[in-house]
Amino acid sequence: MRKLVFGSQVLVVPVFMLLWVTLLVLAPVSEQLVTPSKSIISLQFPWTVFFQGDSMDLTCKRSSSHSPWTTKWYFEGKVLKKTPKSTLRVRESGDYKCQADGLPVSDPVHLEFSTAPLILQGPPYVFEGDSMLLRCRTKAKTELNTVVFFKNGERLMLPNNSSDLHIDDADLAHNGHYHCGGYIHTCCAASSNRVSIQIRVLFPRPVLRSSSSKPTEGSPVTLTCQTQLPPERSDVQLQFCFFRDSQALGSGWRSSPKLRIPALGTEDSGSYWCQAKRVNSHLLKESWKISITVWAAVSQPVLTLNPAKNWLLEGTWLTLHCEVQRGSPPILYKFYHDSVSLGSSSTPSTGRASLGISLTAQHSGFYYCTADNGFSPQRSEAVRLSVLVSLSRPVLTLKDPSVQPVVGDVMELHCESLSGSLPITYTFYHEDVTLGSRKAHSRGGAYLSVSVTAEHSGNYFCEASNSAQTQRSDTITLTVKIPVSRPVLTLRDPRVQPVVGDVMELHCESLSGSLPITYTFYHEDVTLGSIKAHSRGGASFSLAVTAEHSGNYFCEASNSAQTQRSDTMTLTVKIPVSRPVLTLRDPSIRLVVGDVMELHCESLSGSPPILYKFYHEDVTLGSTMSPSGGGASFNLSLMEKHSGNYSCEAENDLEIQHSELVTVIVTVPVSRPVLTLRAPRAQAEVGDVVEFHCEALRGSPPILYQFYHEDVTLGNSSAPSGGGASFNLSLTAEHSGNYSCEADNGQGAQRSEAVALFIPGLTESRSGPVAPGVTGGLLGMVVLAAGALLFYHWLSRKAGGRTASDPSRHSSDSNPQDPTYHNVPGWIELQPVYMNVNSRGEDVVYSEVSCLQKESRNSAASAHSLSHQTDSSVIYAKVKKACTPASGPHQLASPAPHR
């Protein structure tokens, strides 16, 4: 429970910053909590916000009680002064630091001298358990009414109207941003600055240390509850309390962080922990628990024998027991016979250890044991034992134990007792039937020979007897081996001929022979595997058939008497066709219409014959039989329709497999392009921008278009998706002449027919100079227009008065050498389009100019549509005869007069 106290009392609290330090070393040098020395700034008043005009005395101190000899002051990171005085009076806002006697520089203290009418004064920080005072203050002679405090923007409900907020025993719950507000009597409502409160850790969780990591019974131990106060709070008093399990040790709370236990007992083992608390505060912190085990030295062990006799017969099993009454585990026990170690045993808990031995004559003597748990080894009293020699148990063996008897062999049995009084009589038995006896008067045992038959398999033992006692040997089992007969290898398979993927079962069997029989299976002298059969019926070997399993097979039957080999069996494995692979003979070559494409289909595995079928978009192209395996090919003369997906199919009498799809793109060479010209007026003039459009109606993209003027390249443009391309040219006087374009998609370039463009003002000869003046050009155009008008009227009368709107005069429906003219309204702005119109291949080439209304320019899709506009006036600028083939399609004869 925390208590809030409100009042006007001024609480002087030293103000300084927290310095985090490391924990104390394992063994503290004194009973006090040691704090490292450093510089600390102390404030005259426990606040950092003041009114402008106030002053504040700062005092620089060492964390110890000694006063500094010299003090260096810093303001805003710069050295302010160096003085023997430890006090500095300040009136300016900013960060202050000090350095006393060359110690580390103190933490900064930020002071604020405010001009606001209302301020909230509070400490820059508070430690756990401190008392905290916040004061809401106005300037002198100014009365503040209705004081309200806020924390994190929420109003604190206080029982009175005090200007002080006092908090006792601060903890982390008091962290936050505080400000105050109220009504100034002579003015209005006011709100203060914000004060951020961050409660600092006074001391970390304590750590419990023990002066001994492995204390022994009766030894002292010192427990230390280690924690650390910050240098600024070195005067705070702490109390400590120590616990074992849930019980407090000593007198309870103490001022010393150490507790000494003079002598530990085993009952003091357990979990230890400590608590540290601030005096007169609720602040309490608890350490983690540590486990302390008190070790006890072992007592003197006691050795006992079982059987508990002073003498025993040789061969008796003797058990030695060593035991201590007390001692901390683990305990190491060692056993000795006449100071010779017999062995050791470690026990994780208190108790005893045992060791067993089979007695011989050499085991007579003294026995003792030792016990040790790492502190002080202890030795038992010695016990004497006498061992009497008796007849030992005989051992029955074959003369040659590595060879198993076979029918017809002579088997020699040997029986021997290694100790015992002579003479010794040895008797041999087969299934409790006596085979014979032998008396031995010396060491070495006795022998008995038997001619082996099939009935001699069974159990054998012998007895050794003298005047004192009789001993019987262990039983040995002998199996008389019968040689195996020649095995027979057969195939157990649902098919007459195995197929890849089948599980083929080979069976090998010998009709006679001693068990177990080992059957080994071979393929071309390579071992496939072996199976040991312990019963009749032979053995089977399963094999997942692959293509490599064709060939010769045989098996061997073997027991310890003989090995026999079967006849050889030849098998041929049939292989289903693998998934075929469809390839082009030369995939790097680009396929063009008219090429012969060779498709090759091949399955890498499969029993022949194999039938191959070829498909284009699931339509069968043809099939080919491969009688000896391998692949097959199919040739196809390519047309444009042959682009698409191709696949093939491989089939034998076991399976049908389809290849992956192969996509083939057949490239179509470009057709001869058509060049059209678009001008902004009926008669192109210098300065006009003419649009050249070139388009090939057929051809695989991308297509590169080149534009030429008298075989001189004007530029190029690419059509990545096909279609046509355009080129704009701003006309000059030199641009009269023939124009053409070229289309190329990598399969052979094609050039268009030439289109002639005449610019008024030039002479008929292309080599003559261009009229230099604008006036001359305009006059030439007027004369040209007048001549054309007269020619038009003469032609109309000669044609019987037929008008330009007569359909029979349309340029697309009549002979190109007999053009039709249309009347054009004078107020409509015309747009000429130039194009080559010698579509029928005659020797006369026309340059056609179609004048269109400017509003319908966007509706004309191509030069073909321009030539069919019903509202166009067609003017043939020049009539030229085509040049001879040797001259090329782009060179024209001398121009004819205008029509």
Side-chain angles (χ1 to χ4, degrees), residues 10-25 29-30 32-115 119-128 130-133 135 193-204 227-237:
V10 177
L11 177 64
V12 178
V13 180
V15 178
F16 32 70
M17 300 297 290
L18 175 63
L19 172 67
W20 289 102
V21 296
T22 58
L23 294 176
L24 292 175
V25 295
V29 297
S30 69
Q32 300 299 324
L33 295 174
V34 179
T35 57
S37 185
K38 63 171 289 184
S39 303
I40 300 172
I41 294 181
S42 171
L43 280 71
Q44 177 184 3
F45 302 105
W47 301 299
T48 57
V49 181
F50 301 90
F51 286 113
Q52 197 170 51
D54 292 345
S55 64
M56 164 67 81
D57 288 341
L58 304 180
T59 301
C60 187
K61 302 190 302 182
R62 302 161 58 103
S63 56
S64 62
S65 59
H66 301 288
S67 299
W69 292 96
T70 60
T71 303
K72 185 184 290 186
W73 289 94
Y74 298 84
F75 177 67
E76 293 295 333
K78 297 181 180 179
V79 177
L80 188 63
K81 64 166 56 178
K82 185 175 182 181
T83 175
K85 295 182 179 181
S86 60
T87 302
L88 178 69
R89 176 163 295 181
V90 297
R91 295 182 176 84
E92 188 175 354
S93 299
D95 289 336
Y96 292 86
K97 294 190 291 187
C98 76
Q99 185 177 18
D101 294 338
L103 293 176
V105 179
S106 70
D107 294 329
V109 173
H110 181 79
L111 299 182
E112 185 70 30
F113 292 90
S114 175
T115 59
I119 61 173
L120 177 63
Q121 295 179 316
Y125 55 83
V126 181
F127 284 97
E128 294 173 308
D130 285 355
S131 294
M132 180 175 68
L133 177 63
R135 170 164 292 177
N193 55 289
R194 291 182 179 272
V195 174
S196 178
I197 300 297
Q198 296 294 325
I199 308 300
R200 301 191 174 186
V201 175
L202 181 63
F203 59 91
T227 189
Q228 179 66 62
L229 288 169
E232 297 86 348
R233 287 293 189 268
S234 59
D235 57 340
V236 171
Q237 296 296 316

First locate atom OH of Y96, then atom SG of C60, and finally report the distance between them rounded to the nearest 0.5 Å. 14.5 Å

Over all heavy atoms of both residues, which pair between V49 and L120 is shortest? Give the atoms and the distance, please. CB-O, 4.0 Å

When you measure from the side chain of E76 to the backbone N and O of D95, does any donor-acceptor pair fall under 3.5 Å? yes

Side chains of L88 and L80, heavy atoms from C-beta outward: is any pair under 4.5 Å? yes

S39 versus V105: any side-chain heavy-atom pair under 4.5 Å? no

Just by modelled atom types, is the F113 backbone N or O under 3.5 Å from a matching donor or acceptor in the S93 side chain? yes

Identify the two heavy atoms, one from T48 and one from P124, that lie closest to each other, and give their separation to 0.1 Å. CG2-CD, 3.5 Å

Would you say S106's side chain and C98's backbone share a donor-acceptor pair under 3.5 angstrom? yes

Look up atom CE in M56 and atom CD in E92, then write down how far apart they are to the nearest 0.5 Å. 15.0 Å

Does this structure show an ion pair linking D130 with R200, if we count only N-O contacts that are shorter than 4.0 Å? no

Taken to the nearest 0.5 Å, the spacing of I41 CD1 from Q99 CD works out to 11.5 Å

Supply the atom-to-atom distance Q121 CD to S114 OG, rounded to the nearest 0.5 angstrom. 10.0 Å

Stepwise, does the side chain to side chain contact (heavy atoms under 4.5 Å, CB included) test hold for Q44 with L58? CA-CA 6 Å; Q44 177 184 3; L58 304 180; over 6 Å; no

Does any non-hydrogen side-chain atom of L133 lie less than 4.5 Å from one of W47? yes

Locate the shortest heavy-atom distance separating R91 from D54; write the atom from each residue and the value. CG-O, 3.5 Å

K97 and D107, any side-chain heavy atoms less than 4.5 Å apart: no

Roughly how far, to the nearest 0.5 Å, is the CG atom of L229 from the CG atom of L202? 5.5 Å

For the residue pair K81 and W73, establish whether any side-chain heavy-atom pair is separated by less than 4.5 Å. yes

Euclidean distance, D57 CG relative to F45 CZ, rounded to 0.5 Å: 7.5 Å

Minimal heavy-atom distance between F50 and L111, with the atoms involved, is CE1-CD2, 4.5 Å

Find out whether E128 and I199 are in side-chain contact, i.e. whether some heavy atom of one side chain is under 4.5 Å from a heavy atom of the other. yes

